[in-house]
Amino acid sequence: MLTVAQYRYINSLKLNMNKCLNIIDFGYEKYAKNTDCYFWYRKKDENSILQFIDKNVEILRNEYIKIIWEISQSNISDQKIYDYLQFREKYNLWTMSLIAEKCPIKSTEISEVIKLIALKKILKEEDYSKIILYSSNSQLINAISILSNNKKIKLEIINQNIRKIKIQRFKDALKLMVPFYFRANYFIFKRFISNLNLRKHNQQKKSIEKSILIVSYFLHIDIEKVEKKQFYSHQWKMIPDLLTEQGYNINWAHHYLNESPKITYKNTSSIVNGKHFFIEGYINFRLILMTILNFNYFYFRNLKALRISKIFKQKPGINFLLNYFRESWYSSFFGSHLANNILYTYLFEKIANEFNKSEFVLFLQENQGWEKALIASWQTESKNKIVGVAPTIIKDWDLRYFEDINVYKNLKAFDKISPNLILVNGQLSYDNLINNNYPPRKVRGVEAYRYFDSVIKKNEVNKLSSKNNKVKKILLIGEYDEDSTMSMINAVKNIKNVAHFYFRPHPGKRISKTYLNKINVISVSKKISDIFREKFDFVISAGSTSAALDAYLNNIPVIIYIKNSLLNLSPLYGKKNVIFVGSEDELRIAILNEYKKDKNKICSSTDDIFW
């Protein structure tokens with residue numbers, strides 16, 4: 001005869017045998033259940049996989065960066081991938097890859113990978129016997145099919161029709177048709193031809209006595225000051241002037257990104273403060289030839305050794321993620337990203353040799369592939385320090401700044417790919433690094449110089465408050481991810497007769513003014529602090545842009561628009577009085593609600609953000 005405890009245990013097993021998890025993708029909302037149901041996208045006031053992620057950020061982040069490290073340790077040709085991709089002794093093409101960079105903006109598939117890791121955690125914590133997946137996304141169906149098979153869980157798929165890849169632009173269609181090999185070789189040739197004029201410009205004399213080198217982007221340049229033959233970068237603010245006051249002569253090495261037709265490399269010839277050079281201006285025929293030869297060497301060498309399916313077979317615990325890594329994998333080891341990284345090793349070797357008398361180097365640290373080439377080159381050519389500057393807050397999901405603990409165990413190898421110091425501007429950034437085992441000896445806290453002139457004076461802030469409660473002006477702020485920006489713009493274009501919409505693009509990503517005019521959105525291009533003096537009632541900001549923080553610090557109400565399938569990368573994530581939306585309907589409701597609000601102080605203190 002069964003005891004009471006045994007009887008209860010058997011009953012619990014029977015219940016678990018019938019326990020079913022429902023996963024709802026876009027377009028299947030009508031199938032949502034009250035219990036054991038997760039939306040595969042962010043949905044307000046509903047149980048979603050992204051809501052689960054928000055509650056388990058640290059655990060899921062650590063799991064992701066562990067996966068990346070484990071892939072780097074996979075064995076191929078009697079070597080680990082990390083060692084196999086060593087290049088010319090001092091460079092490593094693994095650390096320069098998109099996979100190792102882990103940028104959710106460049107590699108948008110990372111959001112989907114994190115969601116799948118979260119689903120795996122849910123399945124581990126709950127004894128589900130069945131999954132019902134409502135989706136037409138073939139990639140998602142494939143991943144969950146493999147995961148459910150790994151877990152020995154039954155899977156039922158309900159789909160109306162398998163969703164095909166949506167091609168919106170001709171260049172996207174071209175990418176699908178042209179193999180990685182030909183695209184990469186075309187990319188190298190294009191880099192050479194398009195930068196011929198910069199070579200002549202770089203022939204000017206550099207500063208040698210008590211000089212420093214700043215490696216930056218030719219973006220966020222103050223047009224009015226350039227017209228007065230003064231160089232002022234809104235990325236660096238007053239830092240160059242302070243260094244000049246200390247007696248330093250500054251040489252600049254810019255990535256040439258033509259932000260505005262009003263400012264080109266030609267403008268820098270007459271600038272009196274600093275010497276200005278362009279990284280692409282050091283490209284010559286020899287560097288291109290060496291890049292082509294080495295790209296072809298690695299391409300054909302990798303064809304057999306770096307087959308992604310072969311690598312993931314070694315990792316049965318993550319084989320369900322394979323298809324989401326393909327694009328970044330092929331670009332990093334067979335395509336234009338590989339070609340670009342090889343070119344950067346030669347470029348920065350030349351630049352480091354050219355400026356090796358500099359007393360130190362400053363660069364904006366975002367842990368991109370080119371930065372690894374800069375660091376390795378400088379450490380070889382000079383004994384002086386190289387210092388990275390985090391340009392804004394290091395956010396919870398800014399995976400570029402996080403590594404698995406095993407990376408830090410080999411500090412000798414880590415020192416080769418990291419600067420002598422990284423400067424951060426707030427407790428949150430500092431804690432995120434240190435709590436993730438980043439070596440404390442390499443981290444220094446500094447003032448948030450980027451925001452010194454962003455906060456409008458108190459007497460001007462008062463002028464922003466309108467006596468009329470009706471919203472008159474709304475500012476849209478774009479981010480670097482063009483798809484995210486366009487999603488935000490398209491969400492407001494159908495919201496008629498609510499307000500006058502103005503749009504400020506990210507300096508590195510222009511949006512057609514013709515299109516903006518067509519949907520009655522006015523384009524503005526002034527610096528952000530000047531724009532905020534024009535009495536905007538509130539701001540709608542796309543995704544991850546740090547310009548949203550400028551609005552917040554100025555006590556302007558902020559709505560953050562995040563594509564509802566993506567991670568929350570906003571610098572205002574977790575801040576009070578900030579509204580997050582992910583669809584046109586949610587945005588419309590948020591705008592209408594802002595009409596009714598009493599515009600009290602939004603940002604109570606900057607102390608929890610900056611030092």
Side-chain angles (χ1 to χ4, degrees), residues 58 61-62 64-66 68-69 72 82 86 89-92 94-97 100-103 212-216 235-236 239 242-243 248 253 344-345 348 351-352 355-356 358-450 546 571 609-611:
E58 189 173 347
R61 184 181 66 209
N62 288 344
Y64 181 83
I65 59 179
K66 182 181 178 183
I68 301 303
W69 180 80
S72 76
Y82 183 95
Q86 197 68 28
E89 295 186 11
K90 56 191 172 188
Y91 305 108
N92 189 284
W94 167 263
T95 64
M96 298 174 70
S97 70
E101 185 178 331
K102 308 180 296 296
C103 177
I212 64 167
L213 176 66
I214 298 180
V215 182
S216 189
Q235 290 181 312
W236 292 94
I239 298 301
L242 293 174
L243 290 168
Y248 289 105
Y344 273 134
T345 65
F348 282 111
I351 290 168
F355 295 95
N356 62 5
S358 302
E359 296 196 12
F360 59 91
V361 175
L362 290 174
F363 72 98
L364 295 174
Q365 186 176 350
E366 298 173 313
N367 292 321
Q368 298 187 61
W370 68 264
E371 296 170 39
K372 305 297 196 305
L374 167 65
I375 293 164
S377 297
W378 184 256
Q379 290 177 343
T380 304
E381 298 294 332
S382 175
K383 293 182 180 180
N384 293 331
K385 286 185 177 181
I386 180 167
V387 180
V389 181
T392 186
I393 296 171
I394 297 175
K395 305 174 283 286
D396 289 344
W397 279 116
D398 203 341
L399 297 165
R400 299 171 297 178
Y401 294 93
F402 298 93
E403 299 291 350
D404 184 71
I405 190 170
N406 288 288
V407 173
Y408 300 120
K409 285 180 179 178
N410 187 349
L411 286 177
K412 187 176 180 181
F414 181 68
D415 283 343
K416 291 180 180 179
I417 60 171
S418 62
N420 298 101
L421 294 172
I422 175 173
L423 309 182
V424 298
N425 58 19
Q427 195 66 49
L428 175 64
S429 298
Y430 183 87
D431 290 345
N432 268 337
L433 288 178
I434 300 303
N435 293 341
N436 186 60
N437 303 299
Y438 199 95
R441 64 181 170 83
K442 284 177 169 278
V443 187
R444 296 289 185 275
V446 295
E447 292 179 286
Y449 69 89
R450 183 194 178 285
S546 59
I609 303 175
F610 302 124
W611 281 314

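When a residue number appears, it is its place in the shown sequence, counting from 1. Since the structure is predicted, the reported quantities are computational estimates derived from the model, not experimental observations. Any value given below was found using the heavy atoms of this structure, including those in side chains, with hydrogens, waters and symmetry copies removed.
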Engineer: Yes or no on side chain to side chain contact (heavy atoms under 4.5 Å, CB included) for Val215 and Trp370, after CA distance, side-chain angles and deciding distance?
Structural biologist: CA-CA 11 Å; Val215 182; Trp370 68 264; 3.7 Å; yes
Engineer: For the residue pair Gln365 and Gly388, what are the closest heavy atoms and their distance?
Structural biologist: OE1-CA, 3.5 Å
Engineer: Just jot down the salt bridge (Lys or Arg N to Asp or Glu O under 4.0 Å) partners of Lys442, sequence neighbours excluded, or say none.
Structural biologist: Asp415
Engineer: State the NZ-CG distance between Lys395 and Asn432, to the nearest 0.5 angstrom.
Structural biologist: 10.5 Å
Engineer: Using the rule side chain to side chain contact (heavy atoms under 4.5 Å, CB included), only one of Leu213, Ile386, Val387 pairs with Phe363; which is it?
Structural biologist: Ile386
Engineer: The criterion is ring-ring contact (aromatic ring centres under 6.0 Å, His included); which residues satisfy it with Phe355, sequence neighbours excluded?
Structural biologist: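 Partners of Phe355 under the ring-ring contact (aromatic ring centres under 6.0 Å, His included) test: Phe277.
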Engineer: To the nearest 0.5 Å, how far apart are CD1 in Ile214 and CD in Gln235?
Structural biologist: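 The CD1 atom of Ile214 sits 11.0 Å away from the CD atom of Gln235.
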Engineer: So Glu403 and Trp69, side chain to side chain contact (heavy atoms under 4.5 Å, CB included) or not? Walk me through it.
Structural biologist: CA-CA 8 Å; Glu403 299 291 350; Trp69 180 80; over 6 Å; no
Engineer: Taking Tyr408 for its side chain and Asn437 for its backbone only, find out whether a donor-acceptor pair lies under 3.5 Å.
Structural biologist: no
Engineer: Is the shortest heavy-atom distance from the side chain of Pro391 to the side chain of Glu366 under 4.5 Å?
Structural biologist: yes
Engineer: Between the side chain of Asn425 and the main-chain N/O of Tyr449, is any donor-acceptor distance below 3.5 Å?
Structural biologist: no
Engineer: If you measure from CG on Asn356 to OG on Ser377, what distance do you get to the nearest 0.5 Å?
Structural biologist: 11.5 Å
Engineer: What is the minimum heavy-atom distance between Ile68 and Trp94, and which atoms define it?
Structural biologist: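 That would be O-CZ2, 3.6 Å.
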Engineer: Would one find more than 12 heavy atoms of other residues, nucleotides or ligands at under 6.0 Å from atom NZ of Lys90?
Structural biologist: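 Check passes, neighbour count above 12.
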Engineer: Apply ring-ring contact (aromatic ring centres under 6.0 Å, His included) to Phe360 and list each qualifying residue two or more places apart in sequence or on a separate chain.
Structural biologist: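 Phe360: ring-ring contact (aromatic ring centres under 6.0 Å, His included) contacts with Tyr248.
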Engineer: Considering non-hydrogen atoms only, spot the tightest contact between Leu433 and Tyr401 and give its length.
Structural biologist: CD2-O, 3.7 Å
Engineer: Say you draw a straight line from CD1 of Ile417 to CD of Gln379; how long is it, rounded to the nearest 0.5 Å?
Structural biologist: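 Here the interatomic distance stands at 10.0 Å.
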Engineer: Once rounded to the nearest 0.5 Å, what's the spacing between atom CE of Met96 and atom CG of Asn367?
Structural biologist: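 Taking CE in Met96 and CG in Asn367, the distance rounds to 12.5 Å.
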Engineer: Whether the side chain of Trp236 engages the backbone of Leu364 through a donor-acceptor N/O pair (distance < 3.5 Å, no angle test) should be reported.
Structural biologist: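 A pair under 3.5 Å: no.
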Engineer: Hey, does Trp397 have a side-chain heavy atom less than 4.5 Å from the side chain of Arg61?
Structural biologist: yes
Engineer: Rounded to the nearest 0.5 Å, how far does CD of Glu101 lie from CD of Glu371?
Structural biologist: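 Nearest 0.5 Å value for the CD-CD distance: 8.0 Å.
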Engineer: So which heavy atom on Asn384 is nearest to which on Glu359, and how close?
Structural biologist: CB-O, 3.2 Å
Engineer: Within a 6.0 Å radius of atom CD on Gln86, are there more than 12 heavy atoms belonging to other residues, nucleotides or ligands?
Structural biologist: yes
Engineer: Applying ring pair (Phe, Tyr, Trp, His ring centres under 6.0 Å), run through Phe414 and Tyr438 and close with a yes or a no.
Structural biologist: CA-CA 10 Å; Phe414 181 68; Tyr438 199 95; 5.4 Å; yes
Engineer: Just do the side chain to side chain contact (heavy atoms under 4.5 Å, CB included) check on Val407 and Ile65 with the steps written out, would you?
Structural biologist: CA-CA 10 Å; Val407 173; Ile65 59 179; over 6 Å; no
Engineer: Checking Ser429 side chain against Ile394 main chain: does a donor-acceptor pair fall under 3.5 Å?
Structural biologist: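 Confirmed, Ser429 side chain pairs with Ile394 backbone.
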